[in-house]
Amino acid sequence: MGEIVKLKLSEKSCELPFKAGETFIELAEKAGIEESCGVLVDGELVDLRDCPVGGEEIEFVDYEDEAGKHVYWHTASHVLAHAMKYYMDGDLKLAIGPATGEGFYYDFELPRTLSESELERLEAIIKQIIQRDISIERYSCSKAEATAKFKENSASYKLELLDDIEGEPTFYRQADFEDLCSGPHLLSTGQLGVVKLTKLAGAYWRGDENGPMLQRVYGIAFKTEEELDLYEERLAEAKKRDHRKLGQELDLFQVDDSVGPGLIIWHPRGAEIRQTIEDHWRRRHRAEGYRTVMTPHLAQEELWKISGHLDHYEENMFPRMELDDTNYRVKPMNCPFHMKIFNSQTRSYRDLPLRYAELGTVYRYEKSGVLHGLLRVRGFTQDDAHIFCQPEQLEGELISLLEFTTEMLATFGFNDYEIFVSTRPDDYVGTEDRWELATESLKKALETAGLDYKIDPGEGVYYGPKIDLKIRDSLDREWQCSTIQVDFNIPERFDVAYVDNDGEEKRPIMIHRALFGSLERFFGCLVEHYGGAFPPWLAPTPIWILPIDSANQEYAQKVADKFAEAGINSRIEPATDSLGKRLRLAITQKIPYAVIVGSDEEESGKIELRTYGETSSNSLELEIAVEKISQIIADRAPIKPV
RNA sequence: GCCGAGGUAGCUCAGUGGUAGAGCGCGUCCAUGGUAAGGAUGAGGUCGUGGGUUCAAAUCCCAUCCUCGGCUCCA
């Protein structure tokens with residue numbers, strides 16, 4: 001009695017006394033907090049059933065908070081498992097059922113395959129469990145008791161989980177359902193609003209592809225039906241931005257069965273956008289001191305034996321071709337060729353850093369189940385470069401490289417990405433101290449650049465650690481685009497060396513880097529980022545000219561010529577269809593500017609200009625329009641009214 | 001690669017044992033129009049592919065390819 005916990009309650013903070021043995025539930029009551037999902041104790045999420053010790057800072061969280069949502073969804077996953085137990089008459093094995101970033105899932109071993117049509121019936125059972133408002137109790141027991149219980153129920157997955165638990169395992173029980181779980185959980189099922197089961201999938205037990213395949217049910221829970229509706233609307237909106245859908249609608253690219261899975265055919269409009277991206281890329285690389293090179297698509301297999309790719313990634317390479325008693329491979333990487341260029345002369349320390357860049361098209365055999373539009377393909381063009389430098393130049397190169405990367409992405413409107421440092425994998429070559437050094441220099445460069453990052457343990461490439469930059473797609477999936485990799489190994493394998501100022505031959509350090517990653521993937525992300533409405537500088541045809549009447553065709557041509565003189569591509573949609581129809585087409589094709597010209601405009605030398613996203617046009621002098629749009633393109637600015 | 005769901009006209013989709021459908025798009029003709037679909041008419045499909053069951057298969061069964069959602073993987 002009389003002990004104090006500090007309580008943070010929204011903006012106000014106060015201090016609350018509590019008695020020994022009092023739980024957070026009682027504390028919440030005292031503080032007048034009605035609905036809470038859990039409690040953050042000095043920032044750590046804790047079950048409401050726990051007791052404070054005194055002196056800590058606590059904050060009750062509800063569904064509005066990220067931590068609260070986590071508890072809410074986690075409980076929903078237990079309710080799903082509870083419903084599944086009824087649905088399968090108890091004939092099932094439970095694996096795991098965590099909350100995710102958006103919702104939850106539960107993995108089951110079931111006596112038969114579940115079909116999507118059954119999800120609705122499961123939802124109905126879930127609804128009943130919620131309506132019964134079953135109180136959820138927590139208890140713990142000894143490991144031996146838990147083991148005995150699981151053995152009796154032949155709960156083999158739970159038994160395995162038990163092995164990893166230190167101390168007493170805890171259980172959460174709601175009526176005739178209980179689950180081994182560290183929590184935290186809500187206090188009763190009635191606290192849940194509406195649970196929606198979203199998809200069905202297979203998942204390997206513990207992510208091991210040699211292990212058993214379980215059935216995973218995904219779901220999400222909300223306080224109200226209205227929130228669920230909003231979520232579904234948001235999802236539908238996101239699907240409209242899907243690059244595969246837009247690629248079809250805007251005639252950007254295709255993937256054709258008879259050509260091959262994961263092989264992209266770029267249509268004119270897609271190819272024109274890509275050209276603009278590549279032109280910008282070349283210009284910027286020249287300015288940053290890169291020399292561009294070009295290398296073959298095929299080479300003798302020996303090259304990849306030397307580089308180590310054959311040892312480490314053969315299963316991801318297309319099979320060998322035998323030509324004149326020599327084995328060839330389609331290239332999965334550009335690096336060996338760049339080594340050859342370096343080695344074509346004796347290099348001096350004065351030559352370093354030496355930067356070779358290539359838009360190099362590579363082919364990798366990706367497993368069929370992983371292909372995904374432009375984002376995961378079998379043939380793609382890397383904006384690859386290899387930088388050879390002296391050890392003392394590494395830091396500086398990395399720092400300027402990060403600056404270059406972020407600038408390049410920002411040009412295309414990407415300011416929102418996650419950065420990861422991938423550390424040494426099990427399957428590595430080289431010495432540990434070199435790995436350490438390389439990893440530290442990557443971290444230091446990020447810190448100098450003031451960029452936040454996460455560690456991706458063991459996710460490095462076999463030859464060195466890397467910085468990856470990941471961009472999210474319209475459905476919130478992350479895709480690695482930019483990558484910067486330090487490599488002490490491949491230079492050694494190719495015996496790459498320079499003569500230092502002391503006359504000694506020394507090994508340069510190499511950086512592999514790709515800013516876009518692959519042009520295919522980057523373009524896919526770009527389509528989704530802009531929702532297909534490309535800014536005028538990227539749009540293949542930023543202007544459509546719509547003459548009102550056939551009689552205005554000549555003036556339309558004059559307008560087109562004026563834009564062409566300024567280097568702006570436009571196209572005339574002749575008056576064979578109604579103006580309304582042609583305008584609608586321009587809008588659905590997400591053309592930045594529709595220019596409408598009739599007899600009025602012809603007489604006054606003006607145009608009507610309607611900007612994408614606006615509901616009306618404005619009248620302006622042709623010369624002024626050309627000048628202003630030229631400026632917008634030169635600035636690489638987003639679509640905006642003129 | 002694994003689990004599940006799908007592949008019908010150029011596109012989006014309906015048809016679930018009995019002679020292949022719609023809308024959009026495309027062609028032709030009419031209409032010459034002022035800010036998101038003018039009217040008429042025509043062409044277009046061995047229903048992913050290969051087997052099987054059946055008097056009869058887009059429809060049922062098997063295999064296979066591809067796509068989608070996950071899982072595993074991703075130099």
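First the proteins, then the strands, lettered A, B, ... as listed; each starts at 1. Computed from a prediction, not measured in an experiment: that's the story for all the values here.
- Rounded to a whole angstrom, the distance from the P atom of B/rA37 to that of B/rU19 is 39 Å.
- Summarising the local packing, CD of A/Glu614 is surrounded by more than 12 heavy atoms from other residues, nucleotides or ligands at distances under 6.0 Å.
- A/Asp495 and A/Arg507 are joined by a salt bridge, as a carboxylate oxygen and a charged side-chain nitrogen come within less than 4.0 angstrom of each other.
- Atom-to-atom, CD of A/Glu209 to P of B/rG70 comes out at 18 Å; the value is rounded to the nearest Å.
- In this structure, A/Pro261 reaches the sugar-phosphate backbone alone: every heavy-atom distance under 4.0 Å involves primed, P, OP1 or OP2 atoms, never a base.
- Using a 4.0 Å cut-off between charged side-chain N and carboxylate O, A/Glu418 and A/Arg472 make a salt bridge.
- Residues A/Ala551 and A/Asp208 both approach RNA chain B. Their nearest nucleotides, taken by heavy-atom distance, put A/Ala551 toward the 5′ side.
- With respect to A/Arg244 and A/Asp242, a salt bridge is recorded, a charged nitrogen being found less than 4.0 Å from a carboxylate O.
- Pair assignment for B/rG4: B/rC68, on the basis of Watson-Crick or G-U wobble contacts that are both within less than 3.5 Å.
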Taking only N/O atoms, report every protein-nucleotides 3-7 of chain B pair under 3.5 Å with atom names and distance.
unit_1: B/rC3; atom_1: O2; unit_2: A/Gly202; atom_2: N; d: 3.2

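- Checking side-chain atoms of A/Lys454 against main-chain N and O of A/Ile419 turns up no donor-acceptor pair under 3.5 Å.
- In this structure a side-chain-to-backbone donor-acceptor pair under 3.5 Å is missing from A/Asp383 to A/Ser518.
- Looking at A/Tyr204, its side chain has no donor and acceptor atom pair within 3.5 Å of the base of B/rG70.
- Ion pairing between A/Glu492 and A/Arg434 holds under the 4.0 Å rule for side-chain N and carboxylate O.
- Contacts of residues 463-485 of chain A with RNA chain B (heavy atom under 4.0 Å): A/Tyr463, A/Lys466, A/Arg477, A/Gln485.
- Per the geometry, NE2 belonging to A/His309 stands 14 Å off P belonging to B/rC74, to the nearest Å.
- Here the separation of B/rA20 from B/rC65, taken at their P atoms, is 30 Å to the nearest Å.
- Under 3.5 Å, the side chain of A/Arg378 and the base of B/rC74 form no donor-acceptor pair of N or O atoms.
- Atom CE in A/Met317 sits roughly 14 Å away from atom P in B/rA75 (whole-Å rounding).
- Across the protein-nucleic acid pair, A/Glu314 atom CD and B/rG1 atom P stand 17 Å apart, rounded to whole Å.
- The CD1 atom of A/Ile490 sits 13 Å away from the P atom of B/rA75 (whole-angstrom rounding).
- Put simply, CG on A/Asn210 is 10 Å from C1' on B/rU72, counting in whole angstrom units.
- If you check B/rA75, B/rG1, B/rG34 against the side chain of A/Tyr365, the one that comes closest is B/rG1.
- Residues A/His372 and A/Gly369 both approach RNA chain B. Their nearest nucleotides, taken by heavy-atom distance, put A/Gly369 toward the 5′ side.
- The environment of A/Lys443 atom NZ is dense: over 12 non-hydrogen atoms of other residues, nucleotides or ligands sit within 6.0 angstrom.
- Note on A/Glu237 versus A/Arg234: no salt bridge recorded, every NZ/NE/NH1/NH2 to OD/OE distance being 4.0 Å or above.
- With a 3.5 Å ceiling on both atom-pair distances, the Watson-Crick or G-U wobble partner of B/rG21 is B/rC13.
- Using a 4.0 Å heavy-atom cutoff across all strands shown, A/Tyr218 reaches sugar-phosphate atoms only and no base atom.
- Among the heavy atoms of the strands lying under 4.0 Å from A/Arg376 is at least one base atom, whether or not backbone atoms are also near.
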Which letter, B, S or -, goes with each nucleotide of nucleotides 35-44 of chain B from 5' to 3', with contact meaning a protein heavy atom under 4.0 Å?
BBBS------

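- In summary, A/Glu358 and A/Lys331 engage in a salt bridge, as defined by a charged side-chain N under 4.0 Å from a carboxylate O.
- Using a 4.0 Å heavy-atom cutoff across all strands shown, A/His312 reaches no nucleic acid atom at all.
- Look at A/Arg112 and A/Glu118 and you find a salt bridge, because one of the NZ, NE, NH1 or NH2 atoms lies within 4.0 Å of a carboxylate O, short of that distance.
- Within 6.0 Å of atom CG in A/Asp164, more than 12 heavy atoms from other residues, nucleotides or ligands are found, so the atom counts as buried in its surroundings.
- When heavy atoms are screened at a 4.0 angstrom cut-off, A/Val461 is found touching the sugar-phosphate backbone but no base atom.
- Here B/rU72 is in the anti range [glycosidic angle more than 90° from 0].
- Between the CG atom of A/Leu374 and the C1' atom of B/rU67 there is a distance of 15 Å, given to the nearest Å.
- Straight-line distance from the CZ atom of A/Arg244 to the P atom of B/rC68: 5 Å, rounded to whole Å.
- Within the 4.0 angstrom heavy-atom criterion, base atoms lie near A/Ser599.
- Two rings, from A/Phe342 and A/His386, have their centers 6.0 Å or more apart.
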